Amino acid sequence: MIDDWIPLDRGFFNRPVLEVAPELLGTVLCHDAGPDGVVAVRLTEVEAYGGADDPGSHGYRGQTPRNSVMFGAPGLLYIYFTYGMHWCANLVTGPVGSPSAVLLRAGEIVAGLSAARQRRPGAHADRDLARGPARLTVALGLTKQHNGLDTVAAGSPVRFGRSAIATERPAGTVLASARTGVGGDGAHFPWRFCLAGEPSVSPYKPHVPKRRNSVAP
DNA sequence: AACCGGATCGTCT
DNA sequence: GACGATCCGGTTG
């Protein structure tokens, strides 16, 4: 278990998403699912969405039933469904009314390894358990039931914090690059942040235009 | 290690 | 009716 837990409070999350996102690297996200076990992940890769004008953000075109949690309080969990089969988890940042969130893309399992393995039977290596946003969501046992959950509320089963685990493995250099899978006008935003040299960082490369052997017309 | 295709459905146009 | 903030397994080099 985690003895020396220092939770991140709402004030930490109530800041611009571009400040919160890189500082989240190296912190620990923990889910206590009760009988199914406790799993904790040390975050190694995240992406920022929202802010002033971000065409890549779900909140860019205004509030809808799907993205309404993004407009809520900092510290909420925003979990959405994509590609017909995958769930992805985000942390809402900034003040109420500003649709900003950090997509949790990858991490290293630091507690509850056996429970994480059970939830991801297909994974070949432990570093793959939470490598990628949909994988991380599964390994932690997060589902659509957790959409809108307040991670700062007393007794929340999901919470962010710092611990000796993170201190023993200090966050190295933070790298910034373009966000994975984001095209269009927001494609060039260097809002993907990861820790250098981490095996658990998602291998997927940023969106690139297709190449052909022949020369363009 | 890189590349491909298939799976699969909620959400907004 | 189109398209995703994706993953996996197979194939090829």
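Scope of the values below: all heavy atoms of this structure, side chains included, with no hydrogens, waters or symmetry mates. Naming convention: chains lettered A, B, ... in sequence-line order (proteins, then strands); numbering from 1 in each chain. Here the structure is a predicted model, which means the values were calculated and not measured.
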Salt bridge (Lys or Arg N to Asp or Glu O under 4.0 Å) filter on D126(A), not counting sequence neighbours, yields R117(A)
By side chain to side chain donor-acceptor pair (under 3.5 Å), E23(A) pairs with (sequence neighbours left out) R15(A)
d(NE2, H124(A); P, dA1(B)) in whole Å: 15 Å
Close N or O pairs between protein and nucleotides 10-13 of chain C (under 3.5 Å):
none

Here the distance between atom P of dT6(C) and atom CZ of R179(A), to the nearest Å, is 12 Å
Whole-Å distance between dT6(C) P and L104(A) CG? 13 Å
Taking the side chain as every heavy atom from C-beta outward, state whether V174(A) and L195(A) have any atom pair closer than 4.5 Å. yes
Which residues pass the side chain to side chain donor-acceptor pair (under 3.5 Å) test with N14(A), sequence neighbours left out? none
Under 4.0 angstrom, heavy atoms only, what part of the nucleic acid is G122(A) near: base, sugar-phosphate, or nothing? nothing
Y80(A) ring over dA5(C) six-membered base ring, under 5.5 Å and 30°: no
Identify, with sequence neighbours excluded, every residue that meets salt bridge (Lys or Arg N to Asp or Glu O under 4.0 Å) alongside R61(A). none
Are there more than 12 heavy atoms of other residues, nucleotides or ligands under 6.0 Å from atom CD of Q118(A)? no
Taken to the nearest whole Å, CD/E47(A) to C1'/dT6(C) is 12 Å
Between F193(A) (CZ) and dA5(C) (P), how many Å, whole number? 19 Å
Taking N or O atoms only and anything under 3.5 Å, show me the protein contacts with nucleotides 11-13 of chain B, one pair per line.
| residue | atom | partner | partner atom | Å |
| --- | --- | --- | --- | --- |
| dC12(B) | OP1 | T64(A) | OG1 | 2.2 |

Side chain to side chain donor-acceptor pair (under 3.5 Å) with H146(A): which residues, sequence neighbours excluded? none
Return the set of residues passing salt bridge (Lys or Arg N to Asp or Glu O under 4.0 Å) with R10(A) (not counting sequence neighbours), or none when no residue passes. D150(A)
Would you check if the side chain of R120(A) reaches a backbone N or O of L129(A) as a donor-acceptor pair within less than 3.5 Å? yes
Give me the stems containing DNA chain B, sorted by first residue, counting only three or more consecutive Watson-Crick or G-U pairs with both distances under 3.5 Å; say none if there aren't any. B:1-7 with C:6-12, B:9-12 with C:1-4
Are any of the side-chain heavy atoms of R119(A) and D36(A) separated by less than 4.5 Å? yes
N or O in side chain of R135(A) less than 4.0 angstrom from dA5(C) OP1/OP2: no
Does F12(A) form a ring pair (Phe, Tyr, Trp, His ring centres under 6.0 Å) with F160(A)? I'd like the steps, not just the answer. CA-CA 11 Å; F12(A) 178 89; F160(A) 291 83; 8.8 Å; no
Which pairs would a plain distance check flag for residues 71-86 of chain A, meaning a side-chain donor or acceptor within less than 3.5 Å of a matching protein atom at least two apart in sequence or in another chain?
| residue | atom | partner | partner atom | Å |
| --- | --- | --- | --- | --- |
| Y78(A) | OH | H58(A) | ND1 | 2.9 |

With S200(A) via side chain to side chain donor-acceptor pair (under 3.5 Å) - residues at least two apart: T44(A)
Enumerate the residues from residues 84-95 of chain A whose closest heavy atom to DNA chain C is under 4.0 Å, giving them by residue number; use none for an empty result. G84(A), H86(A), N90(A)
Measure OH/Y83(A) against C1'/dG6(B) and give the value in whole Å, please. 14 Å
R131(A) (side chain) donor-acceptor with R127(A) (main chain) under 3.5 angstrom: no
